[in-house]
Amino acid sequence: MSLLVMLFFSLLRCILVVALGTGVSAAPRTGPYIDKREAPLQNIASPITSVTWDDKSVTLNGERIMIYSGEFHPFRLPSPGLWLDVLQKIKALGFNTVSFYVDWALLEGKQGNFSADGIFALDAFFQAATESGLYLIARPGPYINAEAYGGGFPGWLQRMRGDPRVNGPDYTPAIKSYLSNIGPILAKAQITNGGPIILVQPENEYSLVDLNTDKTLDPSYMQTVEDALREVGIVVPLISNDALNYGNWAPGTGEGAVDIYGHDGYPVGLKCADPDNWNASGSFFPQDWWAAHLRQSPSTPYAIMEFQGGSYDQWSGAGYDACAVLLNHEFERVYYKNDYASGVKIFNVYMVFGGTNWGNLGFPEGYTSYDYGAAIKEDRTVWREKYSNLNTPTNHSEYANTDEVMVTAVTTDMTKFWVVRHTDYTSTAGIEYTLRLTTTAGNLSLPQLGGKLTLPGRDSKIHVTDYSVGSYSLLYSTAEIFTWKEYASETVLLIYGGVGETHELALNSTAFPQVLEGRRPVFHSTAGQTVMQWNVTTSRTIVKIDSLLIYLLDRNAAYNYWVLNLPDTDGSRYSTASSVIVKAGYLLRTAEMNGSTLALRGDLNVTTTVEVIGSPSKLSSVTFNGKALSNLSTSNTTETLSGQAIYQEPNFTLPDLSSLDWKTVDSLPEIQSTYNDSRWTLADHTTTNNTETQNLTTPTSLYSSDYGYNIGSLLYRGHFAATSNESYLYINIQGGDAFGISAWIGDEFLGSYAGASNKATYAQNFSLPALTAGKNYVFTVLHDHMGNEQNGHVYGDNSKRPRGILDYALGGRDQSAIAWKLTGNLGGEDYKDRTRGPLNEGGLYAERQGWHLPQPPTDKFESGSPFEGVSKPGVAFYFASFDLDMPEGYDIPLEFAFPKWSASGTPYRCLLYVNGYLFGKYLHAIGPQTNFPVPEGILDYHGTNYIALSLWAQDANGAALDTFLLRPSHIVQTGYGAVELSPMAGYELRENAYSGL
Ligand code: IPT
């Protein structure tokens with residue numbers, strides 16, 4: 001799977017080498033990234049001092065670079081010990097850059113109280129990027145969208161006057177303060193200071209206004225964000241990401257303009273329910289993007305800052321496996337090659353690794369997993385066959401014999417890349433075609449030796465003409481170029497096609513062709529050229545012509561070849577100057593030369609033959625994960641060195657969760673008559689700044705953020721003295737999609753709203769039992785806050801949509817009869833758990849006590865398990881611990897598996913805490929997520945682990961878990977090494993947690 005990106009990357013490298021007359025590898029990096037914030041810049045030896053650009057590319061200290069980037073959000077993998085793992089996997093795919101967002105909501109949970117420490121610190125991420133040889137594009141917002149809580153806005157922004165994302169008296173100082181905190185962290189890690197950051201994106205898709213307004217985007221706001229970044233020392237180019245190629249903020253457009261214009265594109269839409277249909281949800285095929293680029297921003301390299309690499313999924317959605325089908329390797333072959341044909345020079349795939357919406361960090365429309373159907377799965381495994389290459393068709397009739405294919409020529413001075421796709425890009429039919437191409441040897445009809453070329457359904461190809469391979473030249477090749485490398489005594493070229501296809505190439509040498517391995521192609525020698533034609537099979541063929549070794553591969557076999565840069569003196573792997581081509585299996589991470597030994601690190605899922613192609617001279621041994629390859633042998637004909645890396649089944653046992661020593665405690669004591677809520681927050685605000693979207697229809701605001709409660713379960717208690725006229729309680733509540741509620745009067749259950757995937761607001765009448773005049777009663781309403789919404793459309797103010805009770809009525813009484821109190825997480829914005837951040841815990845009783853954290857005081861609890869569950873509505877909390885002793889040298893991602901979900905099943909909501917980190921929100925009657933991966937680092941693979949479950953039974957008959965398992969989702973033997981534990985602050989007695997009993 002790795003390959004298609006590599007294929008493409010090597011192709012792009014060639015495009016640039018020819019087109020721009022210079023190599024694309026970055027300038028050799030001379031100084032290590034300095035980790036200490038206070039380190040003076042002059043301590044860094046010869047840092048790269050300039051990042052410039054022109055219409056062709058970005059240039060780092062005089063060397064042009066084609067930016068091929070994948071999106072990865074470190075905040076969606078709160079196990080910093082695994083960042084290098086993901087980055088190595090991205091690098092191994094052929095990317096040279098990673099783009100990342102910073103999520104403001106996680107860093108400034110209380111206004112003015114910014115902290116980016118522990119799992120939120122970025123230094124380890126910058127280090128890992130440098131070590132793996134990846135540049136970074138930093139996207140600090142302040143607005144990020146990203147299917148994140150509030151689109152990255154902290155909850156307290158709901159209290160601010162005015163519209164977010166335009167300059168205003170509340171909003172502008174808030175973003176300036178945030179940027180003055182995050183800015184220096186990014187500035188210090190710029191490439192000009194020896195770090196990996198080469199570009200910074202201000203804001204995110206500052207492109208769209210609400211449909212119901214005639215206001216326009218605010219250039220002064222865009223300029224404010226840019227100025228704030230410049231003020232803290234961001235010197236690298238600022239790049240935009242317009243939602244589509246509208247031309248917003250392109251250079252020369254006045255106030256708010258950026259240095260480099262970029263835009264986004266999600267051509268098949270963001271719904272995965274009909275995954276074989278590319279036209280299912282308002283899709284488009286990118287056409288004429290190059291022409292638009294020339295109109296909009298001719299002086300900058302063509303940049304696509306987010307191109308679809310998957311999709312998010314919604315509550316009750318089709319699931320990420322369906323997204324991975326919709327956005328599969330065929331999508332990428334057709335659409336990415338189309339982008340390359342559009343002349344893209346800065347290209348970012350959103351997402352290449354999605355990760356997890358742990359700790360409530362997601363937006364309300366999405367669930368815990370943010371797998372995204374991306375090339376690297378949420379559990380960090382890399383089996384998906386995704387990646388490819390191609391371009392915008394402009395002209396077809398003169399190049400092909402049929403109008404069923406479109407051919408686009410991407411030309412350089414001499415070399416041409418001919419991008420071929422189906423005229424109907426969705427076609428699933430295979431077709432045959434011949435080509436008429438212009439070369440330096442005149443116009444040629446291909447194939448020259450007879451037969452036809454074939455284009456399978458949903459495929460796209462890049463044929464080359466006049467393509468240099470070291471000192472050789474290919475007059476043409478219909479097979480696609482994977483990579484090539486020039487060694488001292490030979491040159492190696494790897495090309496591939498689909499199995500069963502006919503391919504042909506012509507090389508500028510008439511030396512006698514020797515077949516070193518495999519089936520003999522047909523050769524024909526003419527006018528200084530050797531023409532070679534072959535059928536692609538699953539066994540490779542190696543042909544030697546002069547000192548050029550040509551590997552004829554099938555596409556799936558090409559996936560097993562890896563191109564690895566050897567480290568520079570500073571340990572980074574940016575430079576392509578010294579690299580090796582190695583055939584192996586599942587994953588190769590790094591290569592290093594130690595004397596005459598080539599040390600490889602990688603992952604295996606089976607015993608694998610490792611073959612070093614065109615061995616570097618003086619190579620006498622090869623190690624894989626520190627062990628010498630078995631049966632090492634040298635081939636004198638192909639000059640390869642090969643041997644076996646042995647896979648051994650690991651031995652390990654996982655706990656059976658049903659036989660743990662489970663403890664339980666009631667987590668809804670608030671409905672007991674003895675419960676005392678005197679410390680709760682009184683809902684006494686008679687006004688709210690949220691009047692922009694909702695006018696108060698209640699005597700006092702019941703919007704949770706007006707009182708600093710921004711996430712998780714919220715509890716309302718409404719006190720009143722009855723007159724006996726009360727007939728019903730009406731409440732209209734807003735929690736975000738899939739939210740639910742349960743309500744009680746005293747300890748008597750009134751009912752629940754189970755929730756629905758597409759309902760953010762719900763109004764309900766609860767009929768009341770006969771009440772006694774003069775007696776005091778209390779309503780308790782438990783309400784799930786699913787997160788704040790995004791704010792994609794300026795002036796829509798969706799991120800300000802309040803959470804909590806919007807309106808209520810007490811039948812037979814005045815609204816003012818009820819005095820409301822509320823609580824959410826303990827402390828609200830003065831949240832207690834500084835380790836796991838402001839969004840991790842909610843307001844359930846046990847959460848307020850901190851019992852979801854490691855080592856809760858279980859001696860206070862009773863025995864009882866989630867498998868037994870509860871027989872009435874309410875919330876039960878469960879605790880257990882188990883030891884893990886996982887084998888060293890393996891990567892065995894684990895997941896917790898809940899029961900199958902069912903729309904007609906008993907409604908219950910279950911939170912899963914693992915060592916205090918919220919790693920699952922399971923909604924039994926809403927779905928679709930049932931399996932929750934938890935990374936190593938959050939799980940202690942060599943020690944005791946503490947898990948907690950809250951079981952909110954919404955049904956009158958209670959709820960229980962039928963099954964709950966811990967199991968591996970994958971097993972590989974790895975050379976990655978030990979994974980550091982994330983910070984694990986444990987339970988401490990909390991003062992004033994209003995236990996209330
Ligand atoms: C684009 C956003 O920029 C990105 O943050 C993410 O939300 C992505 O969408 C969808 O996953 S916006 C684009 C769909 C117009």
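Both counts, for ligands and for their atoms, begin at 1 and track the order of listing. Nothing fancy with the numbering, it's 1 onward along the sequence. What you are looking at is a predicted structure, and each value in this text was computed from that prediction instead of being measured.
- Below 4.0 Å from some heavy atom of Ile144 lie the following atoms of ligand 1, by number and element: 5 (O).
- For Tyr795, the side chain to side chain donor-acceptor pair (under 3.5 Å) test picks out no residue, with sequence neighbours left out.
- For a threshold of 3.5 Å applied to N or O pairs, the pair formed by Ala146 and ligand 1 contains at least one separation below that value.
- Using modelled atom types, no side-chain atom of Trp249 and backbone atom of Ile239 make a donor-acceptor pair closer than 3.5 Å.
- Checked against a 3.5 angstrom limit, the closest N/O atoms of Ala243 and ligand 1 fall outside it.
- Residue contact check: Tyr312 has heavy atoms under 4.0 Å from atoms 11 (O) of ligand 1.
- Side-chain N or O atoms of Asn204 include none that pairs as donor or acceptor with a backbone N or O of Tyr143 at under 3.5 Å.
- We find that Arg76 and Glu147 are not joined by a salt bridge, their nearest charged nitrogen and carboxylate oxygen being 4.0 Å or further apart.
- Aromatic ring pairs are classed by plane angle as parallel below 30°, tilted from 30° to 60° and perpendicular above 60°; the pair Phe307 and Tyr336 is perpendicular.
- Annotation for ligand 1: atoms under 4.0 Å from non-hydrogen atoms of Tyr372 are 10 (C), 11 (O).
- Residue Tyr350 approaches ligand 1 through these ligand atoms, each under 4.0 Å from one of its heavy atoms: 4 (C), 5 (O), 6 (C), 11 (O).
- In this structure a side-chain-to-backbone donor-acceptor pair under 3.5 Å is present from Asp242 to Asn248.
- Between Glu306 and ligand 1, at least one N/O pair is under 3.5 Å apart.
- Of the protein's heavy atoms, Glu205 OE2, 3.3 Å lies nearest to atom 13 (C) of ligand 1.
- Remark: minimum distance from atom 6 (C) of ligand 1 to any protein heavy atom is reached at Glu147 OE2, 3.4 Å.
- Here the heavy atom of the protein found nearest to atom 14 (C) of ligand 1 is Tyr266 CD1, 3.6 Å.
- At distances below 3.5 Å, not a single donor-acceptor pair connects side-chain atoms of Glu108 with backbone N or O atoms of Pro154.
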